[in-house]
Number of protein chains: 2
Amino acid sequence: MLSRKAQYAFRALTLLVDKYDQGPVLISDIATKKKIPIKFLENILLGLRKADILESKKGKGGGYYIKDHPSKTTVAAIIRIVDGPIALLPCVSLNFYEKCKNCDQRNCGLHEIMESVRDATLGVLENRTLEDLRTGKETLAKKG
Amino acid sequence: MLSRKAQYAFRALTLLVDKYDQGPVLISDIATKKKIPIKFLENILLGLRKADILESKKGKGGGYYIKDHPSKTTVAAIIRIVDGPIALLPCVSLNFYEKCKNCDQRNCGLHEIMESVRDATLGVLENRTLEDLRTGKETLAKKG
DNA sequence: TTTCAACTCTAGTTTTTTAATTGACAAAAG
DNA sequence: CTTTTGTCAATTAAAAAACTAGAGTTGAAA
């Protein structure tokens with residue numbers, strides 16, 4: 001399951017996508033409209049900015065906005081930044097790999113299963129972007 | 001990510017599959033061979049028994065064993081018993097559904113994405129069984 | 001029918017992780 | 001130079017996960 005933090009992140013990003021190209025949005029506005037604890041949201045947005053997903057401006061007229069075109073940022077990237085690994089086990093994670101103890105990978109049926117799950121999951125998440133979070137597009141056809 | 005509890009469960013089940021049709025296996029044997037804290041393992045196995053995956057015998061010569069043929073029990077079923085929902089959000093879970101607050105499902109791009117992830121994941125997990133955990137079968141062709 | 005070997009079960013405790021908060025700081029605009 | 005806004009590190013609080021304790025129950029066999 002995604003953490004609450006990740007869910008907050010997606011809610012915030014949904015708003016930012018809807019306001020894409022309309023200038024910075026205040027953290028406080030996002031927090032109020034999306035009902036997210038403001039200081040927690042600060043941390044989340046900061047993380048996304050450091051990961052080059054968002055940019056920010058300080059002072060009057062400042063706020064956060066999406067850096068690149070929404071279609072350039074995948075949902076997989078967001079999850080990795082906010083929650084970490086997407087795979088179900090560290091030993092099959094592409095970005096957060098850790099060798100598993102007590103399991104000979106060459107002789108572990110679970111390993112192959114979890115690799116398949118990872119690939120199936122990434123097949124979706126790497127092909128969905130912030131663009132797909134836009135509201136008011138519910139009539140669009142679903143992707144493969 | 002799967003919890004450590006789920007990983008323990010799979011390690012225990014791997015041993016039980018290898019000993020399928022060879023009579024009950026002691027909890028203490030599983031704990032020792034698979035390096036799992038015994039009291040924790042007790043709880044896990046008990047849960048699997050109550051969910052009709054395992055059966056047990058008390059007294060001398062007792063222990064745990066897999067109830068039905070290993071090919072009858074899916075990996076998805078195990079995860080649900082031990083860890084709960086497989087989906088990334090409660091609002092797209094088939095077995096642990098919960099309505100999401102602050103999100104109109106008809107107008108939520110994330111919802112459709114998470115449904116697709118769920119379907120892709122289940123496409124694998126519902127088609128893998130305890131049989132696939134057997135060790136010493138690494139040369140078998142992978143399933144679709 | 002007693003004993004012992006196992007699983008059963010509830011209720012804890014401890015540890016770790018997640019969620020949320022605090023408050024001082026830095027930068028940009030006007 | 002003052003206000004507005006994001007930055008950041010540290011801390012606390014809450015929740016979940018991991019693990020433990022110990023009495024209870026059942027079954028097999030002596």
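Atom set for the values below is all heavy atoms of this structure, side chains included, hydrogens, waters and symmetry mates excluded. Below, chain A is the first sequence line, B the second, and so on; all start at residue 1.
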* In terms of side-chain heavy atoms of A/E42, which of D/dC8, C/dA27, D/dA18 is nearest? -> D/dC8
* Look at the side chain of B/F40 and decide which nucleotide, out of C/dA6, D/dT20, C/dA27, has an atom nearest to it. => D/dT20
* Which residues satisfy the ring pair (Phe, Tyr, Trp, His ring centres under 6.0 Å) test with B/Y8, sequence neighbours excluded? ->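 So B/Y8 forms a ring pair (Phe, Tyr, Trp, His ring centres under 6.0 Å) with B/F40.
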* Do A/I81 and A/V17 share a hydrophobic cluster (ILVMFWY, side-chain heavy atoms under 4.5 Å, transitive)? -> yes
* **Shared hydrophobic cluster for B/I44 and B/M1 (ILVMFWY, side-chain gaps under 4.5 Å)** => no
Output the rounded distance in Å from [atom1] ([X]) to [atom2] ([N]).
{"X": "A/K39", "N": "D/dA14", "atom1": "NZ", "atom2": "C1'", "value": "20 Å"}
{"X": "A/L46", "N": "C/dC25", "atom1": "CG", "atom2": "C1'", "value": "13 Å"}
{"X": "A/Y65", "N": "D/dT5", "atom1": "OH", "atom2": "P", "value": "15 Å"}
{"X": "B/D83", "N": "D/dA16", "atom1": "CG", "atom2": "C1'", "value": "12 Å"}
{"X": "B/I44", "N": "D/dA17", "atom1": "CD1", "atom2": "C1'", "value": "11 Å"}

* Counting only non-hydrogen atoms, which of residues 4-15 of chain B are less than 4.0 Å from DNA chain D? -> B/R4, B/K5, B/Y8
* Could you check B/I38 against A/K57 and say which one's nearest nucleotide on DNA chain D is further toward the 5' end? =>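 Mapping each residue to its closest nucleotide by heavy atoms, the 5'-most match is A/K57.
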Let me confirm one number: the [atom1]-[atom2] distance from [X] to [Y], rounded to the nearest 0.5 Å.
{"X": "B/K34", "Y": "B/L16", "atom1": "NZ", "atom2": "CG", "result": "9.5 Å"}
{"X": "B/E131", "Y": "B/H69", "atom1": "CD", "atom2": "NE2", "result": "5.0 Å"}
{"X": "B/L89", "Y": "A/L2", "atom1": "CG", "atom2": "CG", "result": "5.0 Å"}
{"X": "B/F10", "Y": "A/H111", "atom1": "CZ", "atom2": "NE2", "result": "14.5 Å"}
{"X": "A/I38", "Y": "A/I27", "atom1": "CD1", "atom2": "CD1", "result": "6.5 Å"}

* Contact nearer the 5' end of DNA chain C, comparing A/G61 with A/L41 ->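 Nearest nucleotide further toward 5': that of A/L41.
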* Asked: Under 4.0 angstrom, heavy atoms only, what part of the nucleic acid is A/I27 near: base, sugar-phosphate, or nothing?
  ->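 Sugar-phosphate contact only.
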* For B/L26, answer base if it contacts any base atom (sugar-phosphate contacts may also be present), sugar-phosphate if it contacts only those atoms, and nothing otherwise; contact means non-hydrogen atoms under 4.0 Å. =>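 Sugar-phosphate, backbone atoms only, no base.
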* To do: For the helix from C/dT1-D/dA30 to C/dG30-D/dC1, figure out the bend between the end axes, five pairs an end, and round to 10 degrees.
  => 10°
* Check ion pair A/R80-A/E126 (N to O, under 4.0 angstrom) ->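 Judged by the 4.0 Å cut-off on N to carboxylate O distance, A/R80 and A/E126 do form a salt bridge.
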* Asked: Can you find a pair of side-chain heavy atoms, one from B/V92 and one from B/V117, that are under 4.5 Å apart?
  -> no
Can you find a donor-acceptor N/O pair under 3.5 angstrom joining the side chain of [X] to the base of [N]?
{"X": "B/N43", "N": "D/dT20", "value": "yes"}
{"X": "B/K58", "N": "D/dG24", "value": "no"}
{"X": "A/K60", "N": "D/dG6", "value": "no"}

* Asked: Just to confirm, is there a sub-4.0 Å distance from OP1 or OP2 of C/dA6 to any side-chain nitrogen or oxygen of B/S56?
  -> no
* Asked: Does B/K50 have a side-chain nitrogen or oxygen under 4.0 Å from the phosphate oxygens OP1 or OP2 of C/dC9?
  -> yes
